[in-house]
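Notes follow the structure.
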Protein chains: 2
Amino acid sequence: MKSMASTSEKILDIAQSLIVAGGYNGFSYADISAAIGIRKASIHHHFPTKAELVSALVDRYRQQAEAGLNYLRARVASPAEQLQSYLNYWDTCIRDASQPFCVCAMLAGEMQMLPDEVASRVRAHFHSLAAWLTSVLSAGAEQGLFWLNKRPEEEAHMLMASVHGAMLSARAFGDPALFTTIATTQIAKLTR
Amino acid sequence: MKSMASTSEKILDIAQSLIVAGGYNGFSYADISAAIGIRKASIHHHFPTKAELVSALVDRYRQQAEAGLNYLRARVASPAEQLQSYLNYWDTCIRDASQPFCVCAMLAGEMQMLPDEVASRVRAHFHSLAAWLTSVLSAGAEQGLFWLNKRPEEEAHMLMASVHGAMLSARAFGDPALFTTIATTQIAKLTR
DNA sequence: TGTTATCTACCTACCAGTAGGAAGGTTGGG
DNA sequence: CCCAACCTTCCTACTGGTAGGTAGATAACA
């Protein structure tokens, strides 16, 4: 029994896919309304304002991401495999077009005009992702799995930039394979 | 005597800065109207539709970029310095906030909902930037200035992703220094 | 009986785009 | 040289449609 999602979760699902496609200004309550067969006013019942809707959406996304990443760090043997799993996750998302972009990366591009409550949440996700990557890289370096040229924090920022930039390139060129190439090369450079 | 720009160029200037801030759906003719003190209808006289306006804007941007990059390739001594100049350009733009993002990178994120005429132009810019980086990297490799682990095209794509991702990170974290760090580290890895 | 979820109906503000005209300069013919 | 046709630019005024958001009734459910 899948698809037993509550209405508010269905709203967030649709909104997230719409944001991934077109950003904060790229969707409307009417779009969500049409997509899940509910009136606009009913969406306002669940999320009174657009800023609240997107804030809730980013909160949920961030919580899912943190849970997933912490699961990897706790349950997957080596830092190398943890990193590989993270990159594989996005590679799959991009290849099957299920979620071809990180919703926070999308929103980060629009930072300057986001409501403050949304912008601060997006920033928080970037911080927690950077922290996770830093911890994985430094653990891997201690175990002799990664060779870092710079401090782990800096390498984490480089890696994060590569991943988000690779998403952008895959989209710009219309070629998911571009993400794969960049991701695997990134791993190769760390494990050389 | 600066500021002798024609009205249509003023329109494109404002539109570009608005797109850099908020994307394709993040600005309106009314915004431009307010910014340069002209009526909305007058903007429609110069650019009948929004798609035409943004197409013209991307054409102009692409032409300027290509001219600048080809100038570097022709007039700057070494490929290492050419690459450095390219990165310095963006570093300056981001630090002084004059143009803290590539307009085509911004639009690339919204590819899926851009008018076709705009999307194809954005894609074209990505292709020409990739080609320039490829030629610079392979020239540098031939001269023994760069050490490439992969084919020049792949290294160019990696570099491009890093640059765009670094722009995004600088914006997300609200810290221009992040771009600087990533850019200089990127250079260091190539010249090691 | 509340409470929650949804509905119809509506509001105001804004969107991209159009119609038609006024001002000013440019061009060409007598 | 003058006048008239023309062109470009900008204007006021408007259109149909959509944006986010609200009020209040109804239905389902606890």
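Just so it is clear, the values below take in all heavy atoms, side chains as well, and ignore hydrogens, waters and symmetry mates. Lettering of chains follows the sequences in order, A, B, ..., and the numbering in each one begins at 1.
- Screening residues 114-125 of chain A for side-chain hydrogen bond (donor to acceptor under 3.5 Å, both in side chains), with sequence neighbours left out, gives Asp59(A)-Arg121(A).
- The nucleotide range of DNA chain D contacted by chain A, defined by atoms under 4.0 angstrom from heavy atoms of the protein and reported 5' to 3', is dA19(D) to dA23(D).
- Listed by first and then second residue, the side-chain hydrogen bond (donor to acceptor under 3.5 Å, both in side chains) pairs that reach into residues 168-182 of chain B are Gln112(A)-Arg171(B), Asp91(B)-Thr180(B), Arg95(B)-Thr180(B), sequence neighbours excluded.
- Pairs passing the side-chain hydrogen bond (donor to acceptor under 3.5 Å, both in side chains) check and including a residue from residues 132-142 of chain A, sequence neighbours excluded, read Arg73(A)-Ser135(A).
- Across its full length, the helix from dG2(C)-dC29(D) to dG30(C)-dC1(D) shows an angle of 10° between the axes of its 5 terminal pairs at either end, rounded to 10 degrees.
- For Gln64(B), the CD atom is densely surrounded, since the number of other residues' heavy atoms within 6.0 Å is greater than 12.
- Partners of Ala183(A) under the side chain to side chain contact (heavy atoms under 4.5 Å, CB included) rule, at least two apart in sequence or in another chain, are Leu87(A), Phe179(A).
- Taking the salt bridge (charged side-chain N to carboxylate O under 4.0 Å, His left out) definition, one finds that Glu66(B) meets it with Arg62(B), sequence neighbours left out.
- Within the structure, side-chain hydrogen bond (donor to acceptor under 3.5 Å, both in side chains) pairs that include any residue of residues 102-111 of chain B do not occur (at least two apart or interchain).
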Indicate every side-chain donor-acceptor pair of residues 154-162 of chain B with a distance under 3.5 Å to a residue at least two apart or in another chain.
residue	atom	partner	partner atom	Å
Glu154(B)	OE2	Arg151(B)	NH1	2.6
Glu155(B)	OE1	Lys189(A)	NZ	3.2
Glu155(B)	OE2	Asn149(B)	N	3.1
Glu155(B)	OE2	Lys150(B)	N	3.2
Ser162(B)	OG	Ser162(A)	OG	3.3
Ser162(B)	OG	Met158(B)	O	3.2
Ser162(B)	OG	Gln186(B)	NE2	2.9

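- His45(A) has a side-chain polar atom (N or O) that falls below the 4.0 Å cut-off from OP1 or OP2 of dA5(C).
- Listed by chain and number, the residues in a salt bridge (charged side-chain N to carboxylate O under 4.0 Å, His left out) with Asp13(B) are Arg60(B) (sequence neighbours excluded).
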Could you write out each protein N or O paired with an N or O of nucleotides 16-20 of chain C at a distance under 3.5 Å?
residue	atom	partner	partner atom	Å
dA16(C)	OP1	Phe27(B)	O	3.4
dA16(C)	OP1	Lys50(B)	NZ	3.2
dA16(C)	OP2	Tyr29(B)	N	3.0
dA16(C)	N7	Lys40(B)	NZ	3.0
dA16(C)	N6	Lys40(B)	NZ	3.2
dG17(C)	OP2	Lys50(B)	N	2.7
dG17(C)	N7	His44(B)	NE2	3.2
dG17(C)	O6	Lys40(B)	NZ	3.0

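- dA5(C) atom C1' lies 12 Å from atom NZ of Lys10(A), rounded to whole Å.
- The side chain to side chain contact (heavy atoms under 4.5 Å, CB included) search around Ser8(B) returns Ser6(B), His46(B), Phe47(B), not counting sequence neighbours.
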